[in-house]
There are 2 protein chains.
Amino acid sequence: MSHQHDAPGECKRSMCPVACTLDIIGDKWTLLLVRDLFAGKKIFSEFQSSPENIPTNILSDRLKRLLAHGIVEKNAYQTHPVRYEYALTAKGKDLGAVLNAMVQWGERHVPGSKALMQP
Amino acid sequence: MSHQHDAPGECKRSMCPVACTLDIIGDKWTLLLVRDLFAGKKIFSEFQSSPENIPTNILSDRLKRLLAHGIVEKNAYQTHPVRYEYALTAKGKDLGAVLNAMVQWGERHVPGSKALMQP
DNA sequence: CCGGATCCGGTCTGATACTG
DNA sequence: CAGTATCAGACCGGATCCGG
């Protein structure tokens, strides 16, 4: 799908850590996947079944991107046909702090949102 | 520009606080503006002069969106012609935690990013 | 079925030009 | 200076199709 190679380990827009981070996770779906991974989801269909209804092509693309950035890793849990499960790396788990900050902000400032996480 | 009314105070995709928060700040530019506001920038041209080179139409749009969500407020610092300066509300200042988490993640995991903030 | 890949219309982005 | 206008091209998201 996307042809940008987000060379993992490089800042695209500036040296600012905020900009660098946003270049990697600054979109509507990526952190939702990280949230799901923290919640124990592992496989494609589990991500797909989240209430936000991510389209399959976007899901596929975001998983690849997270892989390329070393935020998740995948391993086959079954051969023939091959099936993969995804898990957060240490780098990915460190995003828990960002997620927590968002949870707190959302719970405080967006009416009608309720706690769902325990990273 | 955009015709979506992001009804401020409502979740669009799900009840999850992460999704709610991402619906508001989940794009490449919004949090960069919040960062600039924390750094003391107040007016249009100051935001424009940040190293990421935000296009003027996007800048204009994001400021409106932040205004609509009560994250920033503007007041005229000059009449004739009217000029506005922007400032974070309490709700906006609460995003500092998200920003800090991103700074820490970026500094730790993205080579070549250096601290620039002190919210 | 499950995990995608492909196709396609519509929306949004971003470079630039322009206006008060 | 603080935006608005324009426009091509990138990207999103829905639907559909396909290999195992």
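Predicted model only: the values in this text are computed from it and were never measured. Side-chain atoms are counted along with the backbone in the values below, which use heavy atoms only and exclude waters and symmetry mates. So you know, we letter chains A, B, ... as the sequences are listed, proteins then strands, and number each from 1.
In this entry the distance linking NZ of K74(A) with P of dG4(C) reads 6 Å, nearest Å. To the nearest angstrom, C1' of dT13(C) lies 11 Å from CD1 of I54(B). One atom, CG of L33(B), and another, P of dG3(D), lie 12 Å apart when rounded to the nearest Å. Between K42(B) atom NZ and dC1(D) atom C1' the separation is 18 Å, expressed in whole Å. Atom P of nucleotide dT6(C) and atom CD1 of I58(A) are separated by 15 Å, given to the nearest angstrom. Rounded to an integer number of Å, the gap from CD of E46(B) to P of dC1(D) is 10 Å. Atoms CD (Q48(A)) and P (dG3(C)) sit 8 Å apart, rounded to a whole Å. Separating the OH atom of Y84(B) from the C1' atom of dG20(C) is a distance of 14 Å, rounded to the nearest angstrom.
Surrounding NZ of K41(A) are more than 12 heavy atoms belonging to other residues, nucleotides or ligands, all under 6.0 Å away.
Remark: S60(A) is in phosphate contact with dA5(C), judged by side-chain N or O atoms under 4.0 Å from OP1 or OP2. Within the 4.0 Å cut-off from OP1 or OP2 of dG13(D), at least one side-chain nitrogen or oxygen of K28(A) is found. Residue Y86(B) places at least one side-chain N or O closer than 4.0 Å to OP1 or OP2 of dG3(D). Residue K64(A) places at least one side-chain N or O under 4.0 Å from the OP1 or OP2 atom of dA5(C). Residue W29(A) places none of its side-chain N or O atoms closer than 4.0 Å to OP1 or OP2 of dC12(D). Listed pair S45(A) / dG3(C) meets the phosphate criterion, a side-chain N or O lying under 4.0 Å from OP1 or OP2. A sub-4.0 Å separation between OP1 or OP2 of dT13(C) and a side-chain N or O of R62(B) is present.
Stacking of K74(A) on the aromatic ring of Y84(A) is recorded, both the 6.0 Å distance cut-off and the 45° axial limit being met.
Side-chain atoms of N57(A) and base atoms of dG14(D) include a donor and an acceptor less than 3.5 Å apart. Remark: the T56(B) side chain and the dA2(D) base include no donor-acceptor N/O pair separated by less than 3.5 Å.
Heavy-atom nearest nucleotides on DNA chain C were determined for R13(A) and for F44(A), and the one closer to the 5' end corresponds to F44(A).
Residues D27(B) and T30(B) have side chains that bring a donor and an acceptor to within less than 3.5 angstrom of each other.
Distance check, rounded to the nearest 0.5 Å: NZ of K93(A) to CD1 of I71(A) gives 13.5 Å.
The residue L59(A) sits apart from the nucleic acid: no heavy atom pair falls under 4.0 Å.
Annotation: side chain of F47(B) is not in contact with side chain of L32(B) (no heavy-atom distance under 4.5 Å).
Of the candidates dT13(C), dG3(C), dG14(C), dG3(C) carries the atom nearest the R83(A) side chain, counting heavy atoms from C-beta on.
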